[in-house]
Every structure is written in C-alpha cells, then in structure tokens.
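In this text, all values refer to a predicted model and were calculated from it rather than measured experimentally. Start at 1 and go down the list; that is how both ligands and their atoms are numbered.
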Amino acid sequence: MLSTKVFIMVFCLAVVHLRATSAACWSTNACIDKGVCTNLGGAAQAGHCTGAAHIQCCTCPRCIDETACRNSGGTPGAGICPGAANIKCCKGGNGGGGGGGGSTGPAPSKPTNTMLTGLADILRSAGVNVVEVAGWKTRGHGVMASVKGILVHHTAGPATGDFPSLGVVRDGTGSLAGPLAQLGLGRSGTWWVIAAGRCYHAGSTIDDSIYGNSNAIGIEAEGTGLPATDSGHANWPEVQYQSYIKGVKALQKAYGVATARVIGHKEAAVPKGRKIDPNFSMAEFRSKLG
Ligand SMILES: [Zn+2]
C-alpha cells in the first residue's frame, strides 16, 4: 500500500502543473484561529492556510439547520459552514453519533464496511440516466468503511465522447489499479456506475477519516480540465452540470452526507495545490445542493 499514495495522483491529473497554487483549505473563509474553530464545533487542521501557525483550516463535521441543532441538544456555531445562513456547525447534541437525530439534519452514515450496491437505484431515483457497468457490484479495493464524504472530480480525459474515460476509471492505469472511482458522469449527463467498493481516487486528504478512499464516494465527471479555472461552470455542458447536482443530491440523501462534506478534489487534496479538479466553483456547486 505504500505505493498507493504515490501513484494515486496520476489520475485526474495531467494538467495539475498548469496551476501552481490552489487553496487547500475548502474555503479561505475557513482559515481561522484553531481555538475559535474548536469552540464553534469544528476541527482545525494545520498546513492548509497561509499566515500564522494558529490560523488553520476549520471543517465542521456536522453542518445542519440551527433549529434542528438546538432541538437535538446541540449548540449552533456560525461562520464555518457553507450554504444558507441557517446552516450552522452543530456542536454536541445527539445527532452525530448514531441513533435519534432530527428529521431535518443529515442522518449518520448508515452503511459501514460494505459494498455500496444501492448506487444505481439511488441515482435512478434522482431521475438521471444510469448505465450499470458489468460487474460493478463486486468491483472495488475492498469494502467502504463508511460514506462520510463525496469527492467531486473531473477526469481530464479526451475532448470528445460522452464518457471516454470509462476504461481508465474502471481498469486503472499502468501504475494504479482500477477502479479509480465508484461513479462516472458523462457529458450528456448520464451516470456510469462502475464500482461498489473502495476506489483509488482521493490520495492524501485533509482528513482521510472523511475524505479518504475508505470513507468518500468518488465521482469522475468527464472533462478535459481545461481551462484550469476555479470559478463559475461555463466550461461544462449545462446538462452535465445539472445532472452532477441531481446525482450528488440523491447520494447525500441516501447516505446522510452533509453539503459541507461534498468537496472538490482540489479542496481535499494535500499537499496544498496537488489537485485542481474540478475546474468549476465548488462554492457555487454546493450552493445548488441546498
Ligand atoms: Zn481528482
């Protein structure tokens, strides 16, 4: 497994050298004093923000509606969750550790140590077109430990075709065995269900217990990755972009993944700047997830 982290960065990809810098913290606004972060209910991680050592990347493990937070016995903290103003970091309460929980917040991760054999049905329920790739239910590098995060990627693949990267995502590269992601998203908005188990898509992340290969679903959306931009989504077919949103929403609902834990590979990857995908605004994308 030693070689895994070295080679895992081969896929998505080739254009990484085009941009030397990228904010590794999921938001520059999340670079705050680590003590303040902890008081708000977040988890601070060093090495992802510029400035003094105490300024660290703050990630909230439970971004939910503030009323739902209070109803569950928690204390909502402002400023470290993306989305609407009512979505706050919920510290304490009974919603984070299994059992109970309000109806408005995301449920605790349900599947543990299992293959995600419900993926195709979950996506179909969202009304998107689904292709089940032969053998997907038993494909993977072991089982998923949990589903706590969703990682958004682009393939940096060929410029034409609906999902020409299927072979690579399913079978891997010469140096990295497939599958490289559970799901693929074509330019037409069609989803390919490729694997139900663990996939090599994340590499080292800001928190492998949430965003690592064992705990996060990987979605490789077909795209050249060019131009290497961090804003808008003008370089993406609208039908593909809207399908991306629909599919991710369905996955969030099915597995209880908070919007704050739907992050781009560029936000999750360490060291800082290792990845640039996807080449659209993750803030905009998350704002569509609700
Ligand atoms: Zn990626």
Side-chain angles (χ1 to χ4, degrees), residues 4-26 48 140-141 144 147-159 163-187 191-192 194-195 197-208 210-231 233 235-236 240-241 244-245 247-248 251 257 261-286:
T4 300
K5 284 190 176 178
V6 174
F7 292 122
I8 209 116
M9 58 185 73
V10 170
F11 197 67
C12 73
L13 293 269
V15 294
V16 72
H17 61 282
L18 293 178
R19 195 177 62 178
T21 59
S22 172
C25 186
W26 63 273
H48 312 301
H141 303 285
M144 291 293 286
V147 182
K148 294 178 185 166
I150 296 174
L151 245 60
V152 174
H153 304 259
H154 67 217
T155 61
F163 189 57
S165 296
L166 172 60
V168 173
V169 177
R170 180 190 57 206
D171 304 328
T173 66
S175 55
L176 182 63
L180 304 184
Q182 286 84 7
L183 300 168
L185 175 61
R187 291 187 166 96
W191 287 74
W192 269 260
I194 299 162
R198 186 169 174 267
C199 297
Y200 293 158
H201 62 96
S204 295
T205 73
I206 53 173
D207 187 343
D208 288 349
I210 300 173
Y211 305 115
N213 291 329
S214 295
N215 300 295
I217 292 173
I219 305 166
E220 287 284 358
E222 196 65 67
T224 62
L226 299 171
T229 176
D230 201 25
S231 62
H233 65 275
N235 300 297
W236 288 72
Q240 183 184 22
Y241 187 75
Y244 217 156
I245 292 165
V248 168
L251 294 168
V257 178
R261 289 182 171 183
V262 178
I263 70 174
H265 199 190
K266 61 189 172 187
E267 298 172 305
V270 292
K272 185 177 176 179
R274 182 169 65 82
K275 291 294 176 181
I276 66 158
D277 63 316
N279 65 334
F280 56 64
S281 163
M282 281 307 301
E284 179 190 19
F285 188 81
R286 276 188 290 271

Which residues pass the ring pair (Phe, Tyr, Trp, His ring centres under 6.0 Å) test with Trp191, not counting sequence neighbours?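 For Trp191, no residue satisfies ring pair (Phe, Tyr, Trp, His ring centres under 6.0 Å) once neighbours in sequence are set aside.
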For Tyr211, which residues count as a ring pair (Phe, Tyr, Trp, His ring centres under 6.0 Å) partner, sequence neighbours excluded?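 Partners of Tyr211 under the ring pair (Phe, Tyr, Trp, His ring centres under 6.0 Å) test: none.
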Out of the N/O/S atoms in His265, what is the name of the one closest to the Zn ion (ligand 1)?
->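 Atom name of the closest N, O or S in His265: ND1.
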Note to self: Among the N/O/S atoms of Asp277, which is closest to the Zn ion (ligand 1)? Give the atom name.
What the structure shows: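 Minimum-distance N/O/S atom of Asp277 relative to the Zn ion (ligand 1) is OD2.
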Practice problem: Side-chain contact test, heavy atoms from C-beta onward, threshold under 4.5 Å: evaluate it for Gln182 versus His201 and give yes or no. | Solution: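 Result yes, sub-4.5 Å side-chain heavy-atom pair found.
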Problem set entry | Contact summary for Ala216 and Leu151, nearest pair of heavy atoms |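 Scanning both residues completely, I find the closest heavy atoms to be CB-CD1, 4.4 Å.
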Any N/O/S atom, side chain or main chain, of His153 closer to the Zn ion (ligand 1) than 2.8 Å?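 Checking the Zn ion (ligand 1) against His153, an N, O or S atom does fall under 2.8 Å.
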